[in-house]
Amino acid sequence: PRLSSLFIKVADIELLEPALQQAKNVMMHTHNGIEDFTFRTQENWSEGITTAIRNFRMSGGFIAAISLFVGGIGIMNIMLASITERIREIGIRKAIGATHADVFIQILIESVVIAVLGGIAGLITSYGVVKLITVLSPVQNSPIITFTGMAMAFVFSALVGVLAGLIPAFKAARLDPIQALRYE
């Protein structure tokens, strides 16, 4: 018969290494010097679980970064389309005295408002999904949302809005009022 696993229990963690060495010596003798076996300890399992958790967190971070990048591109496109539709309005504002900074700040604020509204919608959705998982899941270690996590997500959402609004805001602020009024 073939033995697939063997469990060894030690009374003290200090005795683990000598016990593993003795077991290895016996196994090497019975296997004619061929090391066709491995030892897995609870410490190895713990390290494996820690590595898996770290990898899952990194994967989640990459997915979140990609989502933020795509969201930023979407906000930038919305703002560029908005500027194109409102070129005459921007030209009128500049013709009656609005400065480059006034137009820049207006577009930037609009971009941040879009990002903040998207961030609020994301927070509400994630909170609802976590509550749904908590209700439907019978296990004790259901997911939780912390205030710190929610605050970080909200800050990143606003930051993406600022970054995505910079290019459209610069474009709108640099518009020549005369050219903008002629635009059809």
Side-chain angles (χ1 to χ4, degrees), residues 45-184:
W45 289 354
S46 175
E47 290 171 9
I49 290 170
T50 303
T51 302
I53 290 171
R54 186 178 63 244
N55 290 342
F56 285 135
R57 286 183 179 165
M58 286 178 56
S59 298
F62 286 134
I63 291 169
I66 291 168
S67 298
L68 285 171
F69 181 72
V70 170
I73 290 173
I75 291 171
M76 187 183 311
N77 286 336
I78 289 169
M79 295 311 300
L80 288 171
S82 172
I83 290 167
T84 302
E85 291 175 0
R86 299 185 315 177
I87 285 181
R88 287 184 58 85
E89 173 195 330
I90 294 169
I92 291 170
R93 285 192 66 216
K94 290 184 99 176
I96 61 172
T99 64
H100 291 305
D102 293 335
V103 174
F104 179 83
I105 289 171
Q106 175 191 353
I107 300 301
L108 201 58
I109 287 173
E110 290 175 11
S111 174
V112 170
V113 166
I114 291 171
V116 165
L117 290 174
I120 290 170
L123 290 175
I124 291 169
T125 302
S126 62
Y127 185 79
V129 167
V130 167
K131 287 299 176 190
L132 183 67
I133 290 171
T134 302
V135 168
L136 296 177
S137 176
V139 295
Q140 294 291 335
N141 59 350
S142 58
I144 58 168
I145 294 183
T146 63
F147 177 77
T148 305
M150 290 175 63
M152 283 179 49
F154 191 76
V155 166
F156 274 109
S157 177
L159 185 64
V160 165
V162 169
L163 293 176
L166 287 175
I167 292 173
F170 280 126
K171 181 179 177 184
R174 287 192 311 226
L175 282 175
D176 180 38
I178 296 170
Q179 294 296 327
L181 289 172
R182 289 185 188 164
Y183 184 80
E184 302 239 1

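Predicted model, so just to flag it, every value in this text is computed and none were measured.
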So, for V112 and A158, which heavy atoms are closest and what is the spacing to 0.1 Å? CG2-O, 4.4 Å
When every non-hydrogen atom of P177 is compared with those of G91, the smallest separation belongs to CB-O, 3.9 Å
I'd like to check [X] versus [Y] (side-chain heavy atoms, cut-off strictly below 4.5 Å). Are they in contact?
X	Y	answer
I107	R86	yes
R54	R57	no
L108	L166	yes
V116	F154	yes
V103	L175	no

Tell me whether the count of non-hydrogen atoms from other residues, nucleotides or ligands lying under 6.0 Å of CG in L132 goes above 12. yes
Kindly check if the number of other-residue, nucleotide or ligand heavy atoms within 6.0 Å of CD1 (I167) is above 12? no
Quick one: which of L136, V135, V129 gives a side chain to side chain contact (heavy atoms under 4.5 Å, CB included) with I133? V129
Donor-acceptor contact below 3.5 Å, side chain [X] vs main chain [Y]:
X	Y	result
S157	A153	no
S111	V162	no
D102	T99	yes
S82	I78	no
K94	A173	yes

Just verifying a value: how many Å separate T51 OG1 and N55 CG, rounded to the nearest 0.5 Å? 6.5 Å
With sequence neighbours left out, which residue pairs that include part of residues 82-134 fulfil the ring pair (Phe, Tyr, Trp, His ring centres under 6.0 Å) condition?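 Non-adjacent pairs meeting ring pair (Phe, Tyr, Trp, His ring centres under 6.0 Å): F104-F170.
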